[in-house]
Amino acid sequence: MVRPLDVPRRREGLHLREVDGEAVILDLHGERMHTLNPTAAFIFREIDGKHSAQDIWEAVVSFFDVQPRDAQRDTLSLLAQLHELRIIE
Amino acid sequence: VTASIARPAVGCEASYAAFSFPFEVASPSPEVAAAVDFIYREMRAPRAHGSTPLRIEIRKRNEILELSFDGVTTASGGLGDILHQLDNELTIFLERARPRLYFVHAAVLAEDGRGTLLVGESGAGKSTTSYALAASGMGYLSDEMAAIEPETGRIHPYPRAICLKGDPPPPLRLPPGCLRTEWTVHVSPAALSAPIVKEPVSLDRALFVRYSPANRQPALRPLSRAEAAARLYQGALNQLVHPGLGLDVTLELAARARCFELLSAGIEETVRLIRQPAAP
């Protein structure tokens with residue numbers, strides 16, 4: 001579970017390419033490849049080890065036409081997935 | 001004398017080439033040599049002069065076949081085991097011999113010089129679909145391996161015999177003269193009347209095959225470039241030898257091709273969907 005004040009960081013060993021607003025992440029350690037849609041790619045760009053989960057969903061609110069409650073729910077959900085996939089820590 | 005020591009006399013020997021790389025296969029058993037030739041016949045090439053071809057020998061020892069690949073004994077067993085291992089060894093060898101090419105585990109068919117890749121994991125229906133497409137008259141380049149030039153997107157042919165795990169589903173039928181082993185059925189593309197394409201074609205479409213018995217109608221679902229690149233990367237065989245771990249070349253190839261997920265269903269309907277003039 002990711003909490004609002006948690007500061008997520010990308011794990012090492014990830015190789016990222018962005019294309020047409022989407023992202024491709026190669027995880028050499030996990031030997032897996034992931035794709036992120038434009039919204040998820042935006043959130044992933046905000047994960048820099050400095051901004052909290054709350055900072056990130058607030059950035060989502062300012063960039064996308066979305067209600068804060070939806071942005072919070074979707075951001076926390078994505079962060080939890082990325083954590084489970086060991087893409088962030 | 002040295003040559004005769006290094007190369008013991010063998011009964012049958014034939015020369016082939018894949019991606020301009022020569023290889024020779026020799027066996028004292030005419031049956032084994034004929035089986036190998038059945039599979040690689042479309043790659044026959046004049047004996048190489050001035051270069052050392054890859055040397056493959058298949059010997060019989062106490063009724064067990066033994067594969068010697070480039071001087072190293074790598075497998076023993078029945079004909080099916082040996083042919084399977086030979087194919088695996090050859091694939092790996094060619095990837096190393098031609099590292100500039102981007103290899104994908106895929107079938108390749110073509111029409112009017114435009115190539116269609118069929119990419120799919122084992123069991124996805126890639127071989128059956130490529131068999132059906134070849135039987136429908138689409139040009140045949142490979143049922144196993146696509147070797148793509150990263151700079152141009154040209155796909156080189158690897159026209160070995162089509163390898164099926166069993167009889168194809170009706171209404172498809174096997175033509176006469178197939179090669180059956182313990183594990184597989186090999187069909188000469190010539191026996192299907194498929195045009196055998198021996199020149200490179202341009203990469204036009206990449207279809208990522210997914211079969212589900214629940215699919216009632218086949219469908220082509222467009223893929224984004226990122227999604228297509230991720231799938232292509234997963235099907236690639238030598239992506240890591242390319243710069244940037246092969247990510248950039250994969251994205252470039254995904255951008256060159258029209259990419260779809262092929263939800264295959266009945267084989268006739270699937271072939272019709274892929275080949276229809278208005279197909280995406």
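Protein chains get the first letters and strands the later ones, always in sequence-line order, with residue 1 at the start of each. Just so you know, these numbers use all the heavy atoms, side chains as well, and skip hydrogens, waters and symmetry mates.
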Undergrad: What do you reckon, is NE2 of B:His84 surrounded by more than 12 foreign heavy atoms closer than 6.0 Å?
TA: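 No.
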
Undergrad: Is the number of heavy atoms from other residues, nucleotides or ligands under 6.0 Å of A:Phe64 CZ greater than 12?
TA: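 Above 12, so yes.
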
Undergrad: Please tabulate, one pair per line, all N/O donor-acceptor pairs under 3.5 Å involving side-chain atoms of residues 67-83 of chain A, not counting sequence neighbours.
TA:
| unit_1 | atom_1 | unit_2 | atom_2 | d |
| --- | --- | --- | --- | --- |
| A:Asp70 | OD1 | A:Arg73 | NH1 | 3.4 |
| A:Thr75 | OG1 | A:Ala71 | O | 2.7 |

Undergrad: Which heavy atom of A:Ala23 sits nearest a heavy atom of B:Ala226, and at what distance?
TA: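 For A:Ala23 versus B:Ala226, the nearest heavy atoms are O-CB, 4.3 Å.
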
Undergrad: Which residues in residues 234-248 of chain B have a heavy atom less than 4.5 Å from any heavy atom of chain A?
TA: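 Result: B:Gln234, B:Leu240, B:Gly244, B:Leu245, B:Leu247, B:Asp248.
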
Undergrad: Within the supplied structure, the quantity of interest is the number of heavy atoms (other residues, nucleotides, ligands) at a distance under 6.0 Å from B:Arg221 CZ; does it exceed 12?
TA: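 More than 12 heavy atoms, drawn from other residues, nucleotides or ligands, come within 6.0 Å of this atom.
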
Undergrad: Roughly how far, to the nearest 0.5 Å, is OH of B:Tyr233 from CZ of A:Arg32?
TA: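 So the CZ of A:Arg32 and the OH of B:Tyr233 are separated by 14.5 Å.
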
Undergrad: Whether the A:Glu22 and B:Ser224 side chains hold a donor-acceptor pair (N or O, under 3.5 Å, no angle test) is what I'd like checked.
TA: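 Indeed, the side chains of A:Glu22 and B:Ser224 share at least one donor-acceptor pair under 3.5 Å.
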
Undergrad: How about CZ on B:Arg210, more than 12 heavy atoms from neighbouring residues, nucleotides or ligands closer than 6.0 Å, or not?
TA: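 No - once you tally the heavy atoms of other residues, nucleotides and ligands closer than 6.0 Å, there are 12 at most.
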
Undergrad: Within a 6.0 Å radius of atom CD on B:Glu121, are there more than 12 heavy atoms belonging to other residues, nucleotides or ligands?
TA: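 No, the 6.0 Å shell around CD holds no more than 12 heavy atoms from other groups.
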
Undergrad: Quick check on the interface: out of A:Ile25, A:Asn37, A:Asp20, who has the most heavy-atom pairs with chain B under 4.5 Å?
TA: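 Option with the top pair count is A:Asp20.
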
Undergrad: Kindly check if the number of other-residue, nucleotide or ligand heavy atoms within 6.0 Å of CD (B:Glu151) is above 12?
TA: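 For B:Glu151, atom CD is crowded (more than 12 foreign heavy atoms under 6.0 Å).
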
